[in-house]
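Each chain gets a letter, A, B and so on, in the order its sequence line appears, and its residues count up from 1. Side chains included, hydrogens not; waters and symmetry mates left out as well; all remaining heavy atoms used.
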Amino acid sequence: MKIERPRGTRDFLPEEMEKRRAVEKKLREIVESYGYREVATPTFEHSELFKIKSGEGIVEEMYVFEDKSGRELALRPELTAPIMRFFVNDCSSLPRPIRFYYFGNCFRYERPQKGRYREFWQFGVELIGSDSYLADAEVISLADKMLKSLNIEYELHIGHVGILRSALSLLGDKASKVMRLIDKRDEEGLESYLNELGVEEDLKDKIKAIMNLKGGREIIEDAKRITDYNFHYIEKLLDIIDSLGIKYTLNLGVARGLDYYTGIVFEFYAKDLGAQKQICGGGSYELAQLFGGVRTPATGFAIGFDRVCELIEAKTKRKAVIVVVYFKGFEKIAFEVAEDLRNSGFIVVVDVMERNLKKQLSYANDINADFALIVGEEEIRKEEFSVKDLRSGEQISIPKEDLTTFLHVRLKR
RNA sequence: GCCCGGAUGGGGUAGCGGCUAUCCUCUGGGACUGUGGAUCCCAGGAGGCGGGUUCGAAUCCCGCUCCGGGCCCCA
């Protein structure tokens, strides 16, 4: 019986892995150039960790299981909570700010779709310890630079939950539900809930007006007419973003249903990616106190690694491959020569199917090898090798001692 | 959880109630033990699963699974 791959998971062929590794490498180079250093946390955690962050409802969307001692564990659905847990437990005395980055697989039990899988990879950063606009500016510009480096077409939307929060401050603990309704853009639900709470027309109009504030930087002036909120922080942030030449849309109606978001929130959307077009999301938040630590400001983002990979055309350049082909009886020498070449830094393949020369060459051609090195009686007698350039068909004899130099020179081109 | 479309060798397909299931590609071998891509020959390999209708089902019907698109959700 054939075993199918579990729903929502993927296998990756060498070509795909090469592309993924190339993307990964590029992202790493950029975050590291900003001084971020990689951390890793376990693939599974106590499910409590994620429940504290996101509420009981998240259990439905996680792979939750009990281990043999009856502990309730969950495969991580994201990496911010584990990293903040790690920070609270072991990193609280590192000099601030702390710059961490991560790249890891996450799991969510959801209906798979284009760009949505049950196992997926996130590449993200957390900048911990600063509540300055400068931290947000750094993180946004870093995210922008990473996506830009991949030549993806995208839009950046920047929002701030503070404006709506302050407008809703009169509602006390009912504010969270209102935020959730705004987040969902559920206008009917919002209207009826505000009526239920007995909110005055004035405030209702104000909320709706803020919700719809979206556009260029000039909408801050509109916002100032609606609310007496202090836009100083946002303006200073945008000064930096503007001076870096980063394009964005301001969206002051962006809400987050969860209370730990404290200020700036931002999202990157790719064109041509269907329903799952968000390729990166982030913002400033305070989670440390929820995990038993001291209240600590942080800001970060996560890039949907699989989604950005889907947007990029494969253009990996493979390292050259040399195939040692040999006649029957020369297996030992073929293996020795191959080993010498590998030690000199080449990728070398030797036939292990006991096939004839013709088949071996045919195989070399099928795998797009660059050179064939022929080992036979003649070569041994003359102490030289026949090297065939499979790309041109040209074949020449090279004295044994000149072989590695020759190959190095030829492969440089 | 909801709505729509789909599923035939490893990949791409034809057949749409009746021969041993078509063709291309692929993989292995041979022609061919000193030279690849070509050609020819041989071999391998398939109707997602379960039930029903029928003399007979890949084909029609039902359920499930999985895949694709959308909704919900997206911590």
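One interatomic measurement links the two molecules: CD of A/Q113 to P of B/C72, which rounds to 10 Å at whole-angstrom precision. At whole-Å resolution of the value, OH in A/Y117 and P in B/C66 are 16 Å apart. Distance, A/R118 CZ to B/C66 P: 7 Å, rounded to whole Å. Taking atom CZ on A/R116 and atom C1' on B/C67, their separation rounds to 16 Å, with Å as the unit. A/K114 places its NZ atom 18 Å from the C1' atom of B/C66, with the value rounded to the nearest Å. Between the CE atom of A/M179 and the P atom of B/C74 there is a distance of 14 Å, rounded to whole Å. What separates CD1 of A/I367 from C1' of B/U27 is a distance of 15 Å, to the nearest Å. Nucleotide B/C67 holds its P atom 12 Å from the CG atom of A/D11, rounded to whole Å.
Taking atom C1' on both B/U59 and B/G15, the two are 9 Å apart, rounded to the nearest angstrom. The C1' atoms of B/A57 and B/G1 are separated by 34 Å, rounded to the nearest whole Å. Going from the C1' atom of B/G69 to that of B/A46 covers 27 Å, rounded to whole Å. For the C1' atom pair drawn from B/A7 and B/G12, the interatomic distance equals 14 Å after rounding to whole Å.
Distance from the side chain of A/I374 is smallest to B/U35 among B/G70, B/C72, B/U35. Relative to the side chain of A/N365, the nucleotides B/G37, B/U35, B/G30 differ in distance, and B/G37 lies closest. Listed nucleotides: B/G70, B/C66, B/G34. Nearest to the side chain of A/E379: B/G34. Closest to the side chain of A/L390, from the set B/G36, B/C71, B/U35, is B/G36. The side chain of A/N356 sits closest to B/U33 out of B/U33, B/G34, B/G29. Listed nucleotides B/G37, B/C73, B/G34 differ in distance to A/E377; the shortest reach to its side chain belongs to B/G34. Nearest to the side-chain atoms of A/D366 among the listed nucleotides B/C73, B/U27, B/C3 stands B/U27. Comparing B/C66, B/U33, B/C74 against the side chain of A/R7 picks out B/C66 as the nearest. Distances were taken from every side-chain heavy atom of A/L361 (C-beta onward) to each of B/U35, B/C66, B/G70; the shortest belongs to B/U35.
Side chains of A/E191 and A/Y193: a donor-acceptor N/O pair is absent below 3.5 angstrom, by distance only. Side-chain atoms of A/D144 and A/Y154 include a donor-acceptor pair closer than 3.5 Å. No donor-acceptor contact under 3.5 angstrom links the side chains of A/T9 and A/E119, judged on distance only. Checking A/S344 against A/T404 by side-chain atom types alone, no donor-acceptor pair falls below 3.5 Å. A donor atom on one side chain and an acceptor atom on the other are found under 3.5 Å apart for A/Y101 and A/R28. Side-chain contact of A/T296 with A/E286: a donor-acceptor pair under 3.5 Å is absent, judged by distance alone.
Across all strands shown, A/F120 has no heavy atoms under 4.0 Å from either base or sugar-phosphate atoms. Base engagement by A/F327 is indicated by at least one non-hydrogen atom pair under 4.0 Å involving a base atom. Nucleic acid contact for A/G329: none, since no nucleic acid atom lies under 4.0 Å from a heavy atom of the residue. Contact annotation for A/G304: no contact, since no heavy-atom pair falls under 4.0 Å across all strands.
Pairing for B/U59 is absent, with no Watson-Crick or G-U wobble pair whose two atom distances lie under 3.5 Å. With a cut-off of 3.5 Å on both pairing distances, the Watson-Crick or G-U wobble partner of B/G28 is B/C42. Base pairing analysis places B/C64 opposite B/G48; the two distances defining the Watson-Crick or G-U wobble pair are each below 3.5 Å. Pair assignment for B/C16 gives none, since no Watson-Crick or G-U wobble pairing has each distance under 3.5 Å. Pair check for B/U54 finds none; no Watson-Crick or G-U wobble contact set falls under 3.5 Å.
For A/Q395 against B/U35, a side-chain N or O and a base N or O form a donor-acceptor pair under 3.5 Å.
Side-chain N/O atoms of A/K358 include one lying less than 4.0 angstrom from OP1 or OP2 on B/G36. Put simply, A/R355 has a side-chain N or O that comes within less than 4.0 Å of OP1 or OP2 on B/G29. Side-chain N/O atoms of A/R111 include none lying less than 4.0 angstrom from OP1 or OP2 on B/C72.
For B/G44, the base adopts the anti conformation, since its glycosidic angle falls more than 90 degrees from zero.
The residue among A/G8 and A/S392 whose nearest nucleotide of RNA chain B lies closer to the 5′ end is A/S392. Nearest-nucleotide positions on RNA chain B place A/S386 closer to the 5' end than the other of A/S54 and A/S386.
A/R410 has no carboxylate O lying under 4.0 Å from a charged side-chain N of A/D370, or vice versa, which leaves the two without a salt bridge.
Within a 6.0 Å sphere centred on OH of A/Y109, heavy atoms belonging to other residues, nucleotides or ligands number 12 at most.
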